[in-house]
Every structure is written in structure tokens, then in C-alpha cells.
Amino acid sequence: MTFALLSAIGRTPLVRLTRLFANERGIRVYAKLEMLNPGGSAKDRPARRMIEEAWKDGRLAPGATVVESSSGNTAISLAMVCAQLGLRLICVVDPRTAGHNLAILRALGAVIDVVAEPDPATGEFLPARIARARQLQAEIPGSFWTNQYGNEDNWRSHLETMQEIVDAVGVVDYVAGAISTCGTMAGCARKARELGLPTRIVAVDSEASAILGAGRGTRRFPGIGAGIVPPFGQTRFWDEAVTVSDREMVVGCRELARTEGLLAGPSSGGVVAAVRRLLPGMPDGAVCALILHDRGERYMDTVYSDDWVCRHFEDNVPGGKEGEGGCSS
Ligand SMILES: Cc1ncc(COP(=O)(O)O)c(C=O)c1O
């Protein structure tokens, strides 16, 4: 079977950021434009691989139901893959899911299943959503739970991400990316080790995440951080751990948009902020690759809305109501 649309996943461009990190002691910074995958994010890679592998070994039959707990990019990527293959997708979401993501999922034919209450033990929605996905899989004959948190095909799909970076620019000293399931950066780390590269893996997490952060506080943005330490994050695969605030993610995004013309989502803004922080400690001439995980268009009501930014961050944020001056008045 030829998966026509799915063959467009991957091989994303790696472009030099010439303005944002210009003239920093010969340091070269490249951005891997994962937002140019057809579903708009790096999650197209694991979505395709998890489905293709299950298809190949018979865990998934034509017309079957796929179940996943995701309200963001994984859900959208799976919805795209399932539509292309004639599979039914049930996305388990929670009440915080952005309305426009639900609209995209419905447009792609996915069924939405809302978990109304968080897990009583942790107060987190993630365990409650995972429990619901497991229950659906048990109840629906022949269904397949992709289980992005535990499915090894998630991180395996990112072996290629790292290989593509090496193919494009050769050995890089740093690869930086945001973590949530940890699939992206665990896959990049595995490939770097397989190739015997000295590349340092930089894992970027939210300050409020349980993976590398304090594990408490509000996480306003999806895609970076988690309320639990996911299985792929339990074995240390990173060389540098950086936590960033929501505010830093917004600033990073807005800088990226204004100086490089790249409209990316908040996890990418966090990666920009993290690399900026690490830059003084990098050797002269270092080569860095940043993963830009998704497109900015899905964040027009948050990251790129001056009103939203002013409501959530009282101090100055570039691009606030008063131009560069901030939000007062
Ligand atoms: C926008 C965005 N950035 C980063 C990540 C982190 O990727 P991973 O789950 O592979 O750690 C995700 C995952 O959902 C994401 O949606």
C-alpha cells in the first residue's frame, strides 16, 4: 500500500537562523522546521510510525478504531493519518482543550471523547485521560490504542529527525528541543549515540512540569512539560536540562517571528529561550540545531494575542499593547 499523503512527512528543512543569534563568536544556529510537516507539527512522525507499524504486524486492521489521549498535535496528526487510511479515531481530550483544535479534529473526522474530571489522586487530567483511553480500547473490539507515552515507535520515529540534521549539516554540537512524552529528544539522543556523535542533547521543559521542573504551578501551553514523568523521561537521555517559564516561551516566539519571520508555537519559543541561556557557555564556532515543533497559527489567541499576553503577564513583553513598551494603561 502506498500512503500518498503520509510520504510527505519528514525531511523537513533545516535553515540557518541568521538574525536571532547573529555574530555570536562564530556560533551557528539552525532551526529544524518541523512545523512544515503536513499536519503542522513534529507529531506527524510518531503518528505515522505508530500506525504503520501496527498495520504491518496486524495489530490494526482496515476500518479499525484507533484510540489516543491527546488534545493537541498528536491528535491532529493521528486524525490526518487515520483519515488517509480510512481508520476511525477517538481522541480522548479534557475540558482545557483549545476550541480550534477540536474544530480541526472534527474537520478531519475524529470522534471527540471528553474526560470531565481530573484524576482524584494527582489532580492531573493526564492519568484520567490515559485511563479512559485504556477503557475504550478494552471495550471496542479490534481497536488499537497508540499510547504515545509508552509506544516505542514514538521515539523511534525521531531517529530520522536526528539523521536528517546530520545529513543536512554534518556533526552538530547541540540539539535542543522541548519535551513532553520525551519521544522527540529521546529519539534524537539514541541516533546521536548510535552514530557515535559528541552531540549534546538539550531537553527543554516548562518550569511547572514534573519532568525537569518543580512539578507545580500553571502550565499555560500544551506540548511542553507533563504532569507526570513519562516512561521515556525516566532514563536520563539528555546532557543539558533547561526549564523555561511561559513568559520566556512567549518572548522567544515573538523574537523568532519578528527577527526570522518564523511563526512557531510556544514550545519552540521555549527552545529559543533555552539556547539563548546556554549560548555564553558554548565554545566558539559551536553548531546548534533547534527543533521548532509546530506552527504558530494555532496560538493566535494566546502567544500572539497582545490582549491575552497583557492579561497573563503584567510586566513588559515584546509586542505588548504599547508596541515594545509593555501592557500598562
Ligand atoms: C508543540 C510541541 N512541542 C514539543 C512537544 C514535545 O514532544 P515529545 O512529546 O516528543 O516530547 C510536543 C508534544 O506534544 C508538542 O506538541
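Since we're looking at a predicted model, the values are computed, not measured. First listed ligand is number 1; within each ligand, the first listed atom is number 1.
With no hydrogens or angles considered, no side-chain donor-acceptor pair links K32 and T161 at under 3.5 Å. Judged purely by distance below 3.5 Å, without hydrogens or angles, the side chains of S77 and D44 pair a donor atom with an acceptor atom. Side chains of E68 and T146: a donor on one and an acceptor on the other come within 3.5 Å.
Of the N or O atoms in Y299, none lie within a sub-3.5 Å distance of an N or O in ligand 1. The shortest N or O to N or O distance between T74 and ligand 1 is not below 3.5 Å. The shortest N or O to N or O distance between N154 and ligand 1 is not below 3.5 Å.
Looking at atom 12 (C) of ligand 1, its nearest protein heavy atom turns out to be G223 O, 3.1 Å. Annotation: atom 10 (O) of ligand 1 to nearest protein heavy atom, T184 OG1, 2.6 Å.
Residue-ligand proximity, S267 to ligand 1, at heavy-atom distances under 4.0 Å covers atoms 1 (C), 2 (C), 3 (N), 4 (C). Within the listing of ligand 1, atoms 1 (C), 2 (C), 15 (C), 16 (O) sit less than 4.0 angstrom from a heavy atom of N73. Listed by atom number, the atoms of ligand 1 under 4.0 Å from G183 heavy atoms are 8 (P), 10 (O), 11 (O).
Using a 4.0 Å cut-off between a side-chain N of Lys or Arg and a carboxylate O of Asp or Glu, D173 and R200 do not qualify as a salt bridge. Between E53 and R156, no side-chain nitrogen of the basic residue sits less than 4.0 Å from a carboxylate oxygen of the acidic one, so the salt-bridge criterion is not met.
Put simply, part of C182 is less than 4.0 Å from ligand 1, judged by heavy atoms. Under a 4.0 angstrom heavy-atom cut-off, I179 registers as being in contact with ligand 1.
Between F221 and W308, the ring-plane angle classifies as tilted under the 30° and 60° cut-offs.
If you look at T181 next to ligand 1, the close heavy atoms, those under 4.0 Å, come from the backbone and the side chain alike.
The closest heavy-atom contact to atom 13 (C) of ligand 1, among the options K43, H158, R45, comes from K43.
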Handout entry: L5 vs V81, side-chain contact (heavy atoms from CB on, under 4.5 Å): CA-CA, chis, key distance, verdict
Key = CA-CA 8 Å; L5 170 66; V81 172; over 6 Å; no

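A 4.5 Å side-chain heavy-atom check between N154 and T184 finds every atom pair outside the cut-off.
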